[in-house]
Amino acid sequence: MINIPRGTQDILPSETKRWRFIENRLDELMEVYNYQEIRTPIFESTDLFARGVGDSTDVVQKEMYTFKDKGDRSITLRPEGTAAVVRSYIEHKMQGIPNQPVKLYYNGPMFRYERKQKGRYRQFTQFGVEAIGAENPGIDAEVLAMAMHIYQSFGLKHLKLVINSIGDADSRHEYNEALVRHFEPVIGEFCSDCQARLHTNPMRILDCKIDKDKEAIKTAPRITDFLNDESKQYYAEVKQHLDDLGVPYVEDPNLVRGLDYYTHTAFELMIDNPNYDGAITTLCGGGRYNGLLELLDGPNQTGIGFALSIERLLLALDEEKIELDVDHDFDLFIVTMGEDADRYAVKLLNDLRRHGVKADKDYLQRKVKGQMKQADRLNAKYTIVIGDQELENNQINIKNMQSGESEAIELDQLVNYFKK
Ligand code: HAM
């Protein structure tokens, strides 16, 4: 037997309705917030992520599914959506669209070669938004509030919005130098990844999972002390907007995010339930990326966005024991007795379905009792029983399975009955 690849999952019919419910809700919310859907390829040139996400990030260094195609091009299964959406924005010159900023959303599979655990997969489904073309604290607040609204719209309560500012390029430059000075004398005690990152990406040391309890991490300089006036002002305005909107948040100066393109606003939304027993608590993450478009040879435009995975949203729903109002309705099950009735039912079903009635019948020659059980399993609202007598008299009883009541109608009027 060949098994499913590690870190992936089959989403079986018993689950797909929940997925569709979530995805439909997200589509509806995106209309409310005036974001439009974009679909980009599942694979891109490896360079896009190496440059966009950053060569020294874990995603690029360790987690990408990269291969050569038959034309000897280096291809990567997308590990995230932002770089791809920005590529598309640049390629289609979306800065020229009259409606600005360009507000986009996407939903699809992403791939990261990570260690599997609860809430972490090698193929996962990311829903994300990107608002490109406005550098305005108001839109940062909109995006953060929207992330919160998405989770709340499903009834989730145990949520924590964690925010930080990682400043503009100048502030980050100063800060990185301070971090190098701070960590250099003790870097020998850190893991090999941190040692390698000291000069390429010292901020990443702050969220190393191996060294997270080291004293030097706790005493490290904080980005908030290195923000220049402009960055401080921007951050203050984002927070002011969040206060105006009544969106609660906590600040964490060590929140640096795992991808290189961030500037200014960085945030994560987390499960905030002391009884939660999983290691992974981050439901969604995002932030502002002011240099990314130019880094990818695009126009001087900036963006902000976030992404969440449907897998972790489902995990949070399970955690809070929230049942989604999934539609399990089924209209009609036709129980047949005898060959003539069975043949008639095949045609009748065809007519019913062409009128949009959700209907089915037995194909395994089950006894009436077995067919009734099948109707129950399908949660059918109505059943009818057709036998020789019903055919002859053109009369059937249509039974409402919820109330238990039956109504006599003419068999050839069944389609009209449902049309009404
Ligand atoms: P990220 O923090 O790498 O950011 O991922 C965003 C979200 O994707 C995570 O919070 C989590 O819900 C989900 N996720 C990531 N990896 C996995 C995994 N292995 N299994 C299940 N879920 C996962 C980004 O990807 C940025 N592109 C977000 C963004 C958009 N920033 C600006 N715009």
Side-chain angles (χ1 to χ4, degrees), residues 5-9 11 22 26 35 38 40 44 48-49 52-54 57-60 62-65 77-89 101-132 139-140 142-144 146-147 150-151 156 159-164 166 204 207 209 255-271 278-293 296 302-317:
R6 201 177 165 73
T8 65
Q9 59 174 340
I11 301 160
I22 290 173
L26 291 169
Y35 283 69
I38 181 166
T40 62
E44 298 269 358
L48 174 66
F49 302 113
V53 173
T57 59
D58 278 359
V59 169
V60 171
K62 300 183 190 162
E63 297 169 3
M64 294 206 303
Y65 283 88
L77 299 185
R78 59 183 185 189
E80 62 106 48
T82 309
V85 168
V86 166
R87 178 208 41 75
S88 178
Y89 174 100
V102 177
K103 295 177 170 186
L104 303 166
Y105 78 96
Y106 48 90
N107 179 34
M110 306 287 162
F111 306 84
R112 294 185 193 177
Y113 190 78
E114 290 193 271
R115 192 170 310 151
K116 183 183 166 4
Q117 55 171 298
K118 186 172 167 186
R120 179 180 286 152
Y121 298 89
R122 290 183 176 168
Q123 175 175 332
F124 54 99
T125 309
Q126 240 190 18
F127 164 87
V129 309
E130 312 294 346
I132 307 174
I139 200 148
D140 295 37
E142 167 180 303
V143 167
L144 272 64
M146 178 166 69
I150 286 175
Y151 289 96
L156 287 163
L159 301 165
K160 181 168 71 175
L161 175 63
V162 185
I163 65 168
N164 190 22
I166 48 179
R204 307 284 319 136
D207 70 357
K209 283 162 200 108
L255 181 86
V256 291
R257 309 270 305 128
L259 315 168
D260 270 359
Y261 44 65
Y262 292 111
T263 55
H264 295 285
T265 314
F267 74 99
E268 288 185 356
L269 226 150
M270 318 189 78
I271 294 182
I280 288 182
T281 52
T282 302
L283 294 174
C284 107
R288 173 159 281 284
Y289 41 90
N290 281 3
L292 180 60
L293 278 92
L296 296 174
T302 67
I304 177 160
F306 71 82
L308 62 85
S309 68
I310 311 273
E311 288 82 356
R312 288 195 196 169
L313 173 53
L314 282 164
L315 190 145
L317 291 169

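Everything quoted here is computed from the prediction, not taken from an experiment. Whatever order the structure lists ligands and atoms in, that order sets their numbers, starting from 1.
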_Identity and distance of the protein heavy atom lying nearest atom 11 (C) of ligand 1_ = R312 NH1, 3.4 Å
_Closest approach of any protein heavy atom to atom 24 (C) of ligand 1, naming residue and atom_ = L259 CD1, 3.4 Å
_Verdict with supporting geometry, Y289 and T82, side chain to side chain donor-acceptor pair (under 3.5 Å)_ = CA-CA 10 Å; Y289 41 90; T82 309; 5.6 Å; no
*Report yes or no: does G287 have a heavy atom closer than 4.0 Å to ligand 1?*
yes
*Taking both backbone and side-chain atoms of T282, is any N or O found less than 3.5 Å from an N or O belonging to ligand 1?*
no
*Check whether any side-chain heavy atom of I271 lies under 4.5 Å from a side-chain heavy atom of L283, and answer yes or no.*
yes
*From OG1 (T281) to CD (E268), nearest 0.5 Å*: 8.0 Å
*Any non-hydrogen atom of G303 lying under 4.0 Å from ligand 1?*
no
*Describe, in one word, how the ring planes of F127 and Y105 are oriented to each other, choosing from parallel (under 30°), tilted (30 to 60°) and perpendicular (over 60°).*
tilted
*Search all heavy atoms of G258 against all heavy atoms of R204 and return the closest pair with its distance.*
CA-NH1, 2.9 Å
*Geometric N/O contact T82 with ligand 1, under 3.5 angstrom*: yes
_So which atom in Y89 and which in V102 form the shortest heavy-atom distance, rounded to 0.1 Å?_
CE1-CG2, 3.9 Å
*Can you check whether L283 has an N/O within less than 3.5 Å of an N/O in ligand 1?*
yes
*asked:* I need the nearest protein heavy-atom contact for atom 31 (N) of ligand 1: residue, atom name and distance, please.
replied: Y262 OH, 2.6 Å
*Report the distance from atom OH of Y35 to atom CG of L26, rounding to the nearest 0.5 Å.*
13.5 Å
*Atoms of ligand 1 less than 4.0 Å from C284 heavy atoms?*
10 (O)
*asked:* Once you restrict to heavy atoms under 4.0 Å, what part of M110 touches ligand 1? Side chain, backbone, both or neither.
replied: neither
_G286: numbered ligand 1 atoms lying under 4.0 Å from its heavy atoms_ = 31 (N)
_Check: S309 N/O within less than 3.5 Å of ligand 1 N/O_ = yes
*Donor-acceptor contact below 3.5 Å, side chain E311 vs main chain T125*: yes
*Say whether, by atom type as modelled, one donor and one acceptor occur between the side chain of R312 and the main chain of G119 under 3.5 angstrom.*
yes
*Considering heavy atoms of the protein only, find what lies nearest to atom 21 (C) of ligand 1 and give residue, atom and distance to 0.1 Å.*
G119 O, 3.3 Å
*In terms of residue, atom name and distance, what is the protein heavy atom nearest to atom 8 (O) of ligand 1?*
Q126 NE2, 3.1 Å
*Expected output: side-chain R78 to main-chain T40 donor-acceptor under 3.5 Å*: yes
*Considering only protein heavy atoms, which is closest to atom 20 (N) of ligand 1, and at what distance to one decimal place?*
Y121 N, 3.0 Å
*Look at atom 16 (N) of ligand 1 and find which of F111, Y106, F124 reaches it with the closest heavy atom.*
F124
*For atom 7 (C) of ligand 1, what's the nearest protein heavy atom and its distance?*
A307 O, 3.3 Å
*Does N164 use its side chain to pair, donor to acceptor, with the backbone of L255 at less than 3.5 Å?*
yes
_Show the atoms of ligand 1 that are less than 4.0 angstrom away from any heavy atom in Y261._
26 (C), 27 (N), 31 (N)
*asked:* Would E311 count as a contact residue for ligand 1, given that I'm defining contact as a non-hydrogen atom of the residue lying under 4.0 Å from a ligand atom?
replied: no
*asked:* To check you understand the geometry: which heavy-atom pair defines the closest contact between Q123 and P109, and what is its length?
replied: NE2-CB, 3.5 Å
*Short N/O distance, under 3.5 Å, between R257 and ligand 1?*
yes
*asked:* Which of the numbered atoms in ligand 1 are under 4.0 angstrom from any heavy atom belonging to R120?
replied: 19 (N), 20 (N)
_Below 4.0 Å from ligand 1: does a non-hydrogen atom of R288 turn up there or not?_
no
*For the atom pair CD1 (I280) and CG (L315), what is the distance rounded to the nearest 0.5 Å?*
8.5 Å
_Tell me whether E80 is salt-bridged to R112, with the criterion being a basic N under 4.0 Å from an acidic carboxylate O._
no
*For atom 27 (N) of ligand 1, the protein heavy atom that lies nearest, with its residue and separation*: E80 OE1, 2.6 Å
*Can you list the ligand 1 atoms lying under 4.0 Å from a non-hydrogen atom of E130?*
30 (C), 32 (C), 33 (N)
